[in-house]
Amino acid sequence: MQLYKNQELKIYNSLTSKKEVFNPINEGHVGMYVCGPTVYSNVHLGNVRTFMSFDMIFRYLKHLGYKVRYVRNITDAGHLTDDADSGEDKIAKKARLEQIEPMEVVQMYTIDFHNILNKFNFLPPSIEPTATGHIIEQIEIIKEILDKGFAYEVNGSVYFDVHKFNESHEYGKLSGRNLEDLVHNSRALDGQSDKKNPQDFALWKKAEPQHIMRWPSPWSDGFPGWHLECTAMSTKYLGEQFDIHGGGMDLKFPHHECEIAQAEACNNQSPVNVWMHANMLKMNGQKMAKSTGNSINPGELLSGDNDILSKAYSPSAIRFFMMQSSYRSILDLTDDGLLAAEKAYRKLMEAINSLPNLKVSNNSTTDFDVASWKQQCYDAMNDDFNTPILIAELFSAIKFINQIKDGKATISQEDFNTLTNTLHVFVFDVLGLLNITENNDSGSDKLSDTVQLLINMRAEARANKDFALSDKIRDELAAIGIQLKDGKDGTTFSTN
RNA sequence: GGCGUCUUGGCCGAGUGGCUAGGCAGAGGUCUGCAAAACCUUGUACAGCGGUUCGAAUCCGCUAGACGCCUCCA
């Protein structure tokens, strides 16, 4: 099943600002690193969108037959709340506020993170390393950078010398900046810094006495700089050069820029072939971010417990909503948008669930060519993971299915198999949607039987033209959230 | 201030030199005892102005507006 040999995948590379044909370093294998969350509060939906984009990418790469090693880290070491030398680390701050151990903060929100991702049907990454588990590797990298002369020590802290680095390398190539501009436009710091230049960034910070999260190092008891962990862990698990590095758009500068600098300082080669950046999620037209308060927890979306929402949404409806836009576009989360997506998602599922009952004929009508439709689905995904186009293709298949149901088209057994298989692959394996199954909760058999009883009674009443009774059954069931659907083959129901 | 992105029909959201995106809503229809649901059919769109071109929503320029990064953030 090495589909990648027949499919030409193109990926938009942030480093070159172009779509490029994807060729992994080792044929058949892909190394992918994605910057994970800092676990100091509940994940907000923007994080989920980014990770969902990479989940979809992971899924498609796997479907193409690649052996993918997908590394997504957990940032659990404290990083500073601002870039000056003073400032508390985020995890310690949260720990102080809630009067718990920093590692309790980490544990609590790591669990929350995993719970949420499970609800949204994420595949687990191959490796999920933590920053605190790789302090030694980070110290080794600092030593290496110091040896190469691209860092300096001041008062127990070690800083990366961006200006020195820029003499022989190109700092800013990912984000399209040059150092001169950065110098020109950097805000005046108060001069309290140990840094030689404001553009320099910390590799190691000496801990203040009250700082709880600290580790010994050759320079001081302290903690690593926040760009370093990704370099340490990506190098350890994927090598000095690997295929894909992803993250949110907001990490492009300075985080990813600094990662490149660190890795190049160490190994004198560019660490990553393809840089991918997932775009931001807005909410009602405003930037969504933890720091501004304009953010929504995934949990609130699933429970409907938020002012902007008219109702609760299922994880798959939300996933569908996100997959309807391209991962590189800014997406605006609104109640109307979710409502529309939920309906579309249901339509998709109803058609898929009707497939087993579809009548198969000796041959297919010619106006819908299943084989070329299938390739169009691949073409959509091959074009930089264009899920909106893929979904449009899925709906053209849905239309075909409905035409068969109406007797306006026919399908051969072979085409039927291809259609069914392809729909399952893209809807469930690639997009990662979950099926709506009628009455899927365990223990709902009794509910199902009860409703069936009422359906039968209503059918009798209708046969006797006792419409007062039949309408009463229908309306009162609707009032408690059970909707009856009269179809040609009898009545079914759905719960809200 | 610097760098960058975006502006598509009522809403969301693809596309990017000539050929229907798609979804939701709306309208009409089929089905139904009536509804609902489901299905079918249907659309006025490419911010404004100017330019390049046989032809531009798509390329170039200007204007207006929105946004992102530059400071912790996915």
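Scope of the values below: all heavy atoms of this structure, side chains included, with no hydrogens, waters or symmetry mates. Order of the sequence lines fixes the chain letters, A, B, ..., with proteins taken first and strands second; residue numbering starts at 1 for each chain.
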Can you find a side chain N or O atom of A:Asn279 that sits less than 4.0 Å from OP1 or OP2 on B:G68?
no

side-chain N/O A:Asn178 vs B:C3 OP1/OP2, d < 4.0 Å:
no

Watson-Crick or G-U counterpart of [N], or none if no pair lies under 3.5 Å:
N     : result
B:U53 : none
B:A36 : none
B:A66 : B:U5
B:A25 : none
B:A14 : none
B:U20 : none

Hey, which sits more toward the 5' end of RNA chain B by its nearest nucleotide, A:Gly337 or A:Arg49?
A:Gly337

Which residue, A:Phe321 or A:Arg328, contacts RNA chain B at a nucleotide closer to its 5' end, judged by nearest heavy atom?
A:Phe321

Does [X] pair with [Y] as a salt bridge, N-O distance under 4.0 Å?
X        : Y        : answer
A:Lys10  : A:Asp383 : no
A:Arg458 : A:Asp486 : yes
A:Glu170 : A:Arg177 : no

For [N] versus [M], give the span between their [atom1] atoms, rounded off to a whole number of Å.
N     : M     : atom1 : value
B:C39 : B:U44 : C1'   : 26 Å
B:C19 : B:U32 : P     : 42 Å
B:U7  : B:U63 : C1'   : 14 Å
B:G17 : B:A56 : C1'   : 6 Å
B:G2  : B:U42 : C1'   : 50 Å
B:A35 : B:U20 : P     : 37 Å
B:U16 : B:U58 : C1'   : 4 Å
B:A21 : B:C72 : C1'   : 40 Å

Select one nucleotide: of [options], the one nearest the side-chain heavy atoms of [X].
X        : options             : answer
A:Arg462 : B:A74, B:G33, B:U41 : B:G33
A:Arg177 : B:G13, B:C72, B:C69 : B:C69
A:Asp336 : B:G15, B:C11, B:G13 : B:C11
A:Lys347 : B:G33, B:C39, B:G22 : B:C39
A:Ser329 : B:C40, B:G33, B:A14 : B:A14
A:Asp406 : B:A14, B:C39, B:A74 : B:C39
A:Asp486 : B:A14, B:G23, B:A36 : B:A36
A:Ala392 : B:C40, B:A21, B:A74 : B:A21
A:Ser470 : B:G33, B:A21, B:C70 : B:G33
A:Asp471 : B:C34, B:A25, B:A14 : B:C34

Measure [atom1]/[X] against [atom2]/[N] and give the value in whole Å, please.
X        : N     : atom1 : atom2 : result
A:Glu393 : B:U20 : CD    : P     : 14 Å
A:Trp226 : B:A74 : CH2   : C1'   : 10 Å
A:Met280 : B:A74 : CE    : C1'   : 5 Å
A:Ile389 : B:G23 : CD1   : P     : 12 Å
A:Met249 : B:C67 : CE    : C1'   : 11 Å
A:Ile330 : B:U8  : CD1   : P     : 12 Å
A:Phe253 : B:C69 : CZ    : P     : 13 Å
A:Leu431 : B:G22 : CG    : C1'   : 13 Å

Heavy atoms under 4.0 Å, any strand shown: does [X] hit a base, just sugar-phosphate, or nothing?
X        : value
A:Thr334 : nothing
A:Lys399 : sugar-phosphate
A:Gly246 : nothing
A:Lys343 : sugar-phosphate
A:Leu331 : sugar-phosphate
A:Gly176 : sugar-phosphate

Side chains of A:Tyr171 and A:Asn178: do they bring a donor and an acceptor to under 3.5 Å?
no

Has the side chain of A:Arg474 got a donor or acceptor atom sitting under 3.5 Å from an opposite partner on the base of B:A35?
yes

Output field: ring centroids A:His227/A:His256 closer than 6.0 Å:
no

Test: A:Arg462 cationic atom under 6.0 Å from A:Phe467 six-membered ring centre, within 45° of axis
no

Taking the six-membered ring of A:Tyr313, is the NZ or CZ of A:Arg319 close enough (under 6.0 Å from the centre) and on axis enough (within 45°)?
no

Heavy-atom check, side chain of A:Phe493 versus side chain of A:Lys485, under 4.5 Å:
no

Output, in order, the C-alpha distance, side-chain angles, deciding distance and verdict of side chain to side chain contact (heavy atoms under 4.5 Å, CB included) for A:Leu390 and A:Leu431.
CA-CA 9 Å; A:Leu390 171 65; A:Leu431 293 179; 3.9 Å; yes

Report yes if the ring of A:Phe467 lies under 5.5 Å from the six-membered base ring of B:G33 with planes under 30°, and no otherwise.
yes

